Amino acid sequence: MTTLQEVAPRERAGVRREALYFAVRNGKLMTGLGIVLALLLLGMIGPLLVDAAPNQYGPQPMSPPSGEYWLGTTTFGQDIFAQFVHGLRSTFAVGVIGGGIAAVIGMVVGFVAGYLGGIVDEVLNMLTNIILVIPTLAVLLIINAYLGIRSVAVQGLFIGLTQWPWAARAIRAQTFSLRTREFVDLARMSGSGTGRIIAREVAPNMSSYLFMTFILLFGGSVLIASSLDFIGLGPTEGVSLGLMLQNSTQWSALQLGMWWWFVPPGAAITAIVGALYVANVGLDEVFNPKLRET
Amino acid sequence: MSLRVSELRVYYRTLKGEVRALDGMSFDLADGEIIGLVGESGCGKSTLGKSLIRMDGRMHHVGGSVELDGKELPIADDRRMNDFRFKEVSLIPQYAMSALNPTRKIRKMVGELLKSRGAALDAAELERRMDQVGLPREVLDRYPIELSGGMKQRMVMVISTLLDPSLLIADEVTSALDVSTQKAVARALLGFRDSGYVKSMIFVTHDLALTHHIADTIMVMYAGKLAEKAPAHVIVKAPRHPYTKLLLDSLPEVGVRYSERRLEGIAGSPPSLLHPPAGCRFRDRCPLAGDECAEEPPAVEIAPAHHVACWKA
Amino acid sequence: TGGGSTPTPPANQTQGQGAATANPDQLPRSETLYTTGTQWGPPANFNPIREWDSAVGTKGLVYETLFHYDTTASKLTPWLAESGSWTDDSTYQVKLRQGIKWSDGQPLTAKDVVFSFELGKMETVPYHNLWAWLKSVEAVDDQTVKFTFSKANYQQWDFNVYSRSILPEHIWKGRSEKEVLDGVNENPVGTGAYKFMSKDQDRVVLQRRDDWWGKTALNMEPKPRYIVDIATPSNEVALGMLMQKGLDLSNNFLPGVANLVKGNFGLTTYYAEPPYHLSANTAWLVPNNTKKPMNDPAFRKALANSIDVKQIVEGVYGNLVKAASPTGLLPQWEQFVDQNVVSSSGFAFDAAKAKKMLSDAGYKDTDGDGFVENKDGSKMNLTLIVPSGWTDWMESARSIATSAKGAGIQITPDFPDFNALVEKRSRGDFDMLINNERQLSNSPYTYYEYMFQLPIQKQQNTVNFARYDNKKAWDLVQQLDQVKTDDIEGMKKITSQLQQIHLDDMPIIPLWYNGLWAQSSTSVWKNWPAGAGAAPKTGAVMWRNWFELGGFESLTQLQPSGS
Amino acid sequence: MRRYFGRKLLIYGLTFFVAVTVNWMIPRFMPGDPVASMVARANVARPEAVEAMRAYYNNLFGFDQSLWQQYVNFWGALFQGDFGLSIWLFPTPVSDVILGAVPYTLALIIPSVLLSWVVGNQFGAYAARRKLLDNTVLPVGYVLTAMPYMWLALLLAWSLGVIGGVFPVAGGYSFSMRPHWSWTFVLDLLHHWTLPFLSLFLVALGGWAIGMRNMIIYELESDYSNYLSALGAPSRLIRRYAFRNAVLPQITGLALQLGVLVAGALVTEIVFAYPGLGSLILNAIKNKDFFLLQGSFLFIVLGVLIANFIIDIVYVVVDPRTRAGMAGAQA
Amino acid sequence: MLRLDDVTKEFRIGAFGGKTVAAVRSVSFDVVPGEVVSLIGESGSGKSTIGRMILGLNSVTSGAITFDGRPVRGAKEYYRHVQGIFQDPFSSFNPVFKADRVFAMIKQSYYPAVPEQEWAERVRSALRDVRLNPDQVLGKYPHQLSGGQLQRLLIARALLLDIKLLVADEITSMLDASTRIDVLNLLAELKTRGLGVLYITHDLSLGNYLAERTVVLRKGGVVEMGLTDKVFGDPLHPYTRELLSAVPRLHEEWGDAAAVDTCLYHERGAAEGLLEAEPGHFVACAQLESC
Ligand SMILES: Nc1ncnc2c1ncn2[C@@H]1O[C@H](COP(=O)(O)OP(=O)(O)OP(=O)(O)O)[C@@H](O)[C@H]1O
Ligand SMILES: Nc1ncnc2c1ncn2[C@@H]1O[C@H](COP(=O)(O)OP(=O)(O)OP(=O)(O)O)[C@@H](O)[C@H]1O
Ligand SMILES: [Mg+2]
Ligand SMILES: [Mg+2]
């Protein structure tokens, strides 16, 4: 997983316009975003194109990709392309929900701990450390198994609830350095309260950083969800790329040579997460002049 | 003749165009001479310093040449320039506080650095020089983090001059220090020159008063160009360029009180170096400006070793 | 040993057992049988009392039973017993074979048999209930055991004589109840043809005893010198290993294996065409008879007619299973199926008919959503639960929901965790579930017991999950138990009545027969059981309790492929 | 120093307590009764017999006591090193089950964590600011980190196992082997270990490489690097220094990633049917084997905590800044 | 107006909060309306800490700071009367917002009722007061303005409030000489309006230029204080002397005051207090006579 860097002090000149200028010229950012958007689009409109329900049995089981079935069919004749596009949706959903929840918690904890410092920080920091050290997948396994996760949304929720600590830690560190900036003092002297200062002074200064945090959390959620799906602890309703992988292995696609069943879902997860990471590095370069290729 | 800079132009590449940070600087620096380089923030002082030793990625050499001890310095060629660095030209950077690798003990770092430049560490010499700047020897066995700002500053001074370069560039080495430390560091620099560790020195600062105590010659820059260059006492006592004069006028000295004498600053602000106006760059703020100032004034030697770039001088 | 680092030459046959133990680190491939599909984790114990989770082969290979049961001939095969017979209506006498020795050299005597059965007096021993109708067990002499019954349940008794391990009294005597039930029983001493050689995380290794009594007494010898049973974590891994020839026999459910059997992969199954496997048990759809509308036989019958089992058999299983007969009786019990009853009261998939039955019974789609409502007009939405992760059943449940939709019944499949399902099942907190927990046995009695047993408890743990309350049926089942096992006609008379009740009331709905999954590779061992030709007709399974049903005999029929 | 480690220990202690408590609680508040399913598996026909067994096992496992009492007993037993009996693998003691599995898991995790860290860091450091490498090799790194562990595992199994036949796709060692100390056996172990190791190693490798690359770029832009280049130090030296400093955050990263890597190992073990904690935990969950689950979880938590503690110590040793900070010197 | 009584501030330091340093020790002085008090001392001597405590941005470990007789709290009402300006004008503005947002923030908190129109007029007049052309500076981002402009924006901001006391912490150190003098002049004008100014600097000449009274700090404690003329004209404490001699002056050579370390003066304990050498001129030197 890519590690987040400190936000280097920015050059004062024309931060925004410059960012845009470099953004559109940054190959990494553009390729990454391009791939993600293409897959997102496929997940959005794909289900409208195929009329087969993703789990509906079809007449031609185990057929390789063809004009009729773009990605072939499963042992049950299900249209893999239909599953794939629906799965893309769930994958994005899990990423957004898991990443979003984790980002929100991470932000709240990070901001509050970093800004208030003192005993609040100690307590929150301890909480963060505790959750950070607990192997979350193992906990998720247990929770998932016993709560019987039904929907992608609930899965995302649980992933989000366990994923936030490193984000909190990173945001805390950033807040720590930002709160010593004098505009924060100035805001206090303008009569702004804590919440306001965090929301209006600190957070806007880290917007790119927060966005990058979200991207990493998004990717992490997708990967964790796919692991859970794979070991059979995924949502019991709906389709997801991880469930497709699980199904393909459970029905021995590997041994039966049905590569078209297990390659696309894994490739899509890799593509989404990888593209996000690449875009993230690109973003880093955009916002951080030191990283730009000179 | 130790250093000769002629018509040096170094620009920064930026999105909006080229920043003409050095736009035709010429000056000479003799052996044993210390030049104090003063000027407003952003006038190109650091750029000059960097050009002489290592240009960063955005700088590029547009024109002019630099000669050191009769040899042309290939300032635009990073690779060839490497032979001169440290041995011929050395630097005490503005960021001396963070110039030392935080995870290496100083002795080790110095040793490795010297070895990489093909020189051996002469411990006795090193310690002698440390004594000279008043650094205890155990500093060598500490991590930079364990030193105070002034100590780091002095340590960097010692390191930078270990190979007895002929030119030393000291960029704002004292601005972050309080007056007493400032004094100690400044004295140490003088001592280095006197002991012959460095032949000549460019001392960059924006503190005219301080320069006066160190430098033999003071060079005033304005907006990427030379404004005035003269022996220190001449600049202080009989400045000829209007900018120098106004600058001196705005310096509160100990003893000057608002209630007694109200000092005035220079109205206006320096021009952008992105698209500098033609002619004299100080024209807009100059109380003496006249029509001839639409033309760029050449730097003229109006008295021995006194160069001024002003039509009115 | 003195050999040092020089590799020892391959052991020759004459050295026999000695040689094998001399170099036990690497088993000779040609003499070893690799199996999988029974064990899912590290071997936990070697306790034959724990018939459900002891290490593979504990009962059947290491410990043995008095009889085996021949499923094709439908009769008991004397095993440790030389013979067994009813001397009167309530006394059963067993004569033991001469010369059987425990693996520690002690002779097997009637006292061991007495001891083994008397262990059942302990309340927690699984066959404790035997003593509800067994009065006493006595050793008449060293070779003769006399069982006296307070009530002679012939059908159950036959089941017991081939199911209960005989344990060495001289070793087990004095073990506490806790030890008997919970003991690991390291270093088991049995009479069987194998002994445990080693175990590890994912395997047990059994080694043949060359002094096994059966060699002479039965003129049988299991061919593999070593049996290694592997715990594979999943079916697909088993399939992979089978294809890599690392395994000889997989008793896993391997979807898609049909393709491989047809292709040239050196894999065989019992049949070369659908259903490929013998049948091992029936998968039932169990409606909760105490809940509306499943408490209505008319509804249950309509439900039975609404399920397209063919779709499951072909779609989900790729023809690896067989659709069940309306009676649910396994093919091996075909003779007990009363065709008259079936043809008059049987059912088959027919959505239109199901629809009609529903509306005749008063279930109508009043709100026009395509699904019928309860009689009182309330919405009907039934949940069908199968354990999460049981993919084939999950698919089947989905398939059932789809075909029931055709008849207007709304079923939602739900996949709770297995344990949650067990809990719901025993508490009766479900609408419908799928269950197959009764295996093939010596008698349809066990099936009807499963279907009709009374009284209904608060917790129904193993039988009558449907909570079907029919006194008459249960009486009939008990009567069936009292019929001597060789009185086929007497049995039939009762079973056909039971079939009538079953088909009229449809307490549980048979769906399909699960296979006796056995995929074998012919690369090292051949002559695997097969339906065609002269091949053995027994089942090639290592599942617990199946060695007595022909699994062991299959081992004796194997031939090395190399020779 | 004392205070520092005191604090760390406090956090670790709390973490341990919380983690173990959560793990103790969750299964007990969830539906499903392990004894019921255990008894169901026993397939005993008679209701009375079933009841007797249930009662017996409930008593044996202490489920008939109040939850609070069970909790207290749990800690009491834990401090005596008693993890209880496994329900699923009854009556094996949990500690035996886990000790049987742990060597395999450790054999996978330790080399893959350490090697991927070392190699990934070298690799990233090497690629940083070298245009060609950066643009060709690092995308591979991104792809690797973005891969779900099991998918990479599947691809490896499929290509090198099923199709290539170079490596076995399942098991810890050949079925024909019995564990003993000989080269053949060790080679056989390695042969089986290769693919699961690779799948863990490769995914982690990409992550470290990218992390290091970014770090190094920052360090190469730092003041001390600039100073060194201004003095004409060769880029080899500069990179070496940069590496040293960039490695420090990576050490912290290692601590943060441990939990994730453990999780990856669990999934990989499942794909390759590799004996280890992975399948154990999965089965414990399926069988509601509280005790085994607690034990495995405890082991993982302990492992992660110990590893974290070691990393903490290492960090203090390698980074003079933390030491200076502890000595009270001012930055 | 503002009084500091025996104010002490301790910070927990070290990466793990294991130790404390006393950044400020037993400092007492006061600021009256219409007066500039300059606070002078080397780096780390606790000047900023005192300023921040006065502004309620740091808590006080012991002692009391009172403003018009009431203890200081960082409350909204307090900031109506007391404002601060810091060293770095660039970091005093949130870089992602326009610079004139600082005015909007004040309006929102303190003058919500004032109509927009009137407020705009007030802002413009305050800007003119600090000699800024409102059209040049309004609606710009901080990076589009020079340090001097920004610093003056901050002063204008303070003027918009009904302030009585301004804490100016090294507000000129980032400015070049000519801008610096403009800002100093502006401060000097403020005091003629009756404002009290606490002017924090390490540049003696600047302190001297403005202040009526001077407080010299060393290592958190006051070493000398009194009227600027006295302190600078007749420094009693060797440290003050040393400081003064180290100041580079244009027309004089560096004098060599007694090196600090050879002098025996040291920080006196808090209890001992300062000696009043002459009326209104306090000094902390145990060996004053013997020096
Ligand atoms: N990396 C850069 N990219 C673009 N422009 C730059 C860069 N560095 C400096 N400049 C511009 O070049 C001009 C000269 O900068 P330089 O750093 O030499 O000034 P200076 O005299 O050293 O100022 P200071 O006293 O603040 O150090 C300034 O206008 C500055 O904005
Ligand atoms: N938040 C803090 N935590 C810990 N120590 C602090 C903190 N703020 C200041 N200090 C310490 O308190 C002492 C006084 O600091 P202060 O900033 O007041 O000095 P100063 O006189 O303003 O120095 P400068 O001239 O460098 O601004 C210093 O030793 C500093 O390290
Ligand atoms: Mg500069
Ligand atoms: Mg300060």
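The chains referred to below are lettered A, B, ... by the order of the sequence lines, with proteins before strands, and numbering in each begins at 1. Nothing here was measured: the structure is a model prediction, and the numbers come from that model.
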- Which atom pair, heavy atoms only, marks the closest approach of B/S90 to D/L231?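 For B/S90 and D/L231, the tightest heavy-atom pair comes out as OG-CD2, 3.4 Å.
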- Task: Grab the two heavy atoms, one from B/N82 and one from D/G232, that are nearest each other, plus how far apart they are.
- Result: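 Closest approach of B/N82 to D/G232: OD1-CA, 3.1 Å.
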Any chance you could measure [X], atom [atom1], to [Y], atom [atom2], to the nearest 0.5 Å?
| X | Y | atom1 | atom2 | result |
| --- | --- | --- | --- | --- |
| D/L228 | B/R117 | CG | CZ | 11.0 Å |
| B/N101 | D/D223 | CG | CG | 12.0 Å |
| D/S229 | B/F86 | OG | CZ | 12.5 Å |
| B/Q94 | D/N226 | CD | CG | 12.5 Å |

- Region of B/I53 that comes under 4.5 Å of a non-hydrogen atom in chain D: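 The side chain, not the backbone.
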- Query: Measuring heavy-atom distances to chain D, does B/R54 have an atom under 4.5 Å in its side chain, in its backbone, in both, or in neither?
  - Reply: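 Only the side chain of B/R54 comes within 4.5 Å of chain D.
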- Task: Among residues two or more places apart or on two chains, list those pairs meeting salt bridge (charged side-chain N to carboxylate O under 4.0 Å, His left out) that have a residue in residues 225-237 of chain D.
- Result: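 Sorted pair list comes back empty.
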- Message: Please rank B/S98, B/P93, B/P165 by heavy-atom pairs under 4.5 Å with chain D and give me the top one.
- Response: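 Maximum pair count with chain D is reached by B/S98.
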- Query: Using a cut-off of under 4.5 Å for heavy-atom pairs, which of B/V156, B/I92, B/D78 has the most such pairs with chain D?
  - Reply: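 Greatest number of close heavy-atom pairs with chain D: B/V156.
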- Message: Just by distance, no angles: are the side chains of D/Y227 and B/S160 close enough, under 3.5 Å, to form a donor-acceptor pair?
- Response: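 Looking only at side-chain atoms, B/S160 and D/Y227 do form a donor-acceptor pair, the distance falling under 3.5 Å.
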- Donor-acceptor contact present, side-chain D/R244 to main-chain B/T103, <3.5 Å: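 Yes; at least one donor-acceptor contact below 3.5 Å.
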- Query: Hey, is CZ on D/F123 packed in by over 12 heavy atoms from elsewhere, all under 6.0 Å?
  - Reply: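 Result for CZ/D/F123: open.
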- Message: Is it true that, when you exclude B/Y95 itself, more than 12 heavy atoms of the residues, nucleotides or ligands shown sit nearer than 6.0 Å to its OH?
- Response: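 More than 12 within 6.0 Å, yes.
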- Walk me through it: do D/Y224 and B/M109 pass the test side-chain contact (heavy atoms from CB on, under 4.5 Å)? CA-CA 11 Å; D/Y224 67 84; B/M109 190 226 127; over 6 Å; no
- Query: Which answer fits D/S225, side chain, backbone, both or neither, if we ask what part of it has an atom under 4.5 Å from a heavy atom of chain B?
  - Reply: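 For D/S225, neither part sits under 4.5 Å from chain B.
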- Among residues 126-134 of chain B, which ones touch chain D with a heavy-atom distance under 4.5 Å?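 Result: none.
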